[in-house]
Amino acid sequence: QVQLVESGGGLVQAGGSLSLSCAASGRTFSGYAMGWFRQAPGKEREFVAAISRLGYSTYYADSVKGRFTISRDNYKNTVYLQMNSLKPEDTAVYYCAARKENTLPTMPARYDYWGQGTQVTVSS
């Protein structure tokens, strides 16, 4: 098993930046592909970005492509989400997730472990 704890959320004005972190503990972090998802009030959880076990492959939702960057540091057991040019529609609870298979699906059900989430609020 792996335990995930997100941090770095907060309130930011539109056009600003935030950096989220997700610290993992438990089994070998480099054995998991990692993803970021978000869920706004009244909406389904949606895919944001994912990264392969060693960081060679990444995949982004069209809505964040060019603005968000996912990365990982396997020595620190941490995955990051750098968010730039934030928009009010990016407001949501952001979750990190781990997947034992080294593929990058967009469906939440394909991920095995989840963190508790961190709130990101973008004001207009």
Side-chain angles (χ1 to χ4, degrees):
Q1 249 189 343
V2 61
Q3 291 78 42
L4 304 172
V5 179
E6 302 94 337
S7 61
L11 173 64
V12 64
Q13 288 189 330
S17 299
L18 276 177
S19 180
L20 304 183
S21 299
C22 174
S25 60
R27 301 291 295 271
T28 305
F29 179 66
S30 60
Y32 295 87
M34 299 297 296
W36 284 97
F37 290 77
R38 65 188 182 187
Q39 189 167 17
K43 295 189 176 181
E44 292 187 351
R45 192 167 298 189
E46 66 171 359
F47 172 78
V48 175
I51 189 167
S52 60
R53 288 171 179 167
L54 299 184
Y56 294 140
S57 297
T58 58
Y59 187 64
Y60 296 90
D62 287 343
S63 59
V64 307
K65 201 173 295 182
R67 300 188 298 123
F68 291 10
T69 303
I70 189 172
S71 61
R72 65 189 296 163
D73 185 336
N74 286 348
Y75 292 103
K76 295 183 178 180
N77 289 355
T78 302
V79 63
Y80 305 96
L81 185 68
Q82 177 65 41
M83 305 185 293
N84 299 328
S85 302
L86 283 160
K87 305 175 181 180
E89 51 264 43
D90 294 319
T91 295
V93 177
Y94 282 70
Y95 299 90
C96 71
R99 172 173 165 79
K100 289 178 278 187
E101 298 295 325
N102 197 27
T103 54
L104 307 180
T106 61
M107 293 179 60
R110 298 293 181 93
Y111 288 77
D112 303 298
Y113 304 102
W114 291 84
Q116 294 300 305
T118 185
Q119 176 71 46
V120 172
T121 304
V122 185
S123 63
S124 56

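- Pairing each heavy atom of S52 with each of L104, the nearest pair is N-CD2, 3.7 Å.
- At a threshold of 4.5 Å between non-hydrogen side-chain atoms, the residues Q39 and P108 do not count as touching.
- Residues forming a side chain to side chain contact (heavy atoms under 4.5 Å, CB included) with S123 (at least two apart in sequence, or on another chain): L11, Q13.
- Sparse packing is recorded around CD of E101, with 12 or fewer heavy atoms of other residues, nucleotides or ligands lying under 6.0 Å away.
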Problem set entry | From CA spacing to verdict: side chain to side chain contact (heavy atoms under 4.5 Å, CB included), S63, R38 | CA-CA 12 Å; S63 59; R38 65 188 182 187; 3.5 Å; yes

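- In summary, D62 and K65 engage in a salt bridge, as defined by a charged side-chain N under 4.0 Å from a carboxylate O.
- The shortest heavy-atom contact between E6 and T118 is CB-CG2, 3.9 Å.
- Heavy-atom minimum distance, A50 versus Y111: CB-OH, 3.7 Å.
- Atoms CZ and SG, from R72 and C22 in turn, are 10.0 Å apart once rounded to the nearest 0.5 Å.
- The nearest pair of heavy atoms linking P88 to A14 is CD-CB, 4.1 Å.
- Chaining together hydrophobic side chains whose heavy atoms lie under 4.5 Å apart leaves M107 on its own.
- Residues T91 and Q119 have side chains in contact (heavy-atom distance under 4.5 Å, counting atoms from C-beta outward).
- Under the rule for a ring-ring contact (aromatic ring centres under 6.0 Å, His included), the partners of F47 that lie at least two apart in sequence or sit in another chain are F37, Y59.
- Taking a 4.5 Å side-chain heavy-atom cut-off between Ile, Leu, Val, Met, Phe, Trp and Tyr, the cluster of V5 contains only that residue.
- With rounding to the nearest 0.5 Å, the separation of CG in N74 from OG1 in T28 is 10.0 Å.
- How far OG of S19 is from CG of N84: 9.0 Å, rounded to the nearest 0.5 Å.
- Side chain of R53 to main chain of K100: a donor-acceptor pair is present (N/O by atom type, distance under 3.5 Å, no hydrogens or angles).
- Residues passing the side-chain hydrogen bond (donor to acceptor under 3.5 Å, both in side chains) test with Q116, sequence neighbours excluded: none.
- Side-chain contacts under 4.5 Å among hydrophobic residues (ILVMFWY), followed directly or transitively, place V12 together with V2, L4, L18, L20, F29, Y32, M34, W36, V48, I51, Y60, V64, F68, I70, V79, L81, M83, L86, Y94, Y113, V120, V122.
- Of all heavy-atom pairs between A40 and A92, the closest is N-CB, 3.8 Å.
- Annotation: R67, atom CZ; neighbour count of heavy atoms from other residues, nucleotides and ligands within 6.0 Å is above 12.
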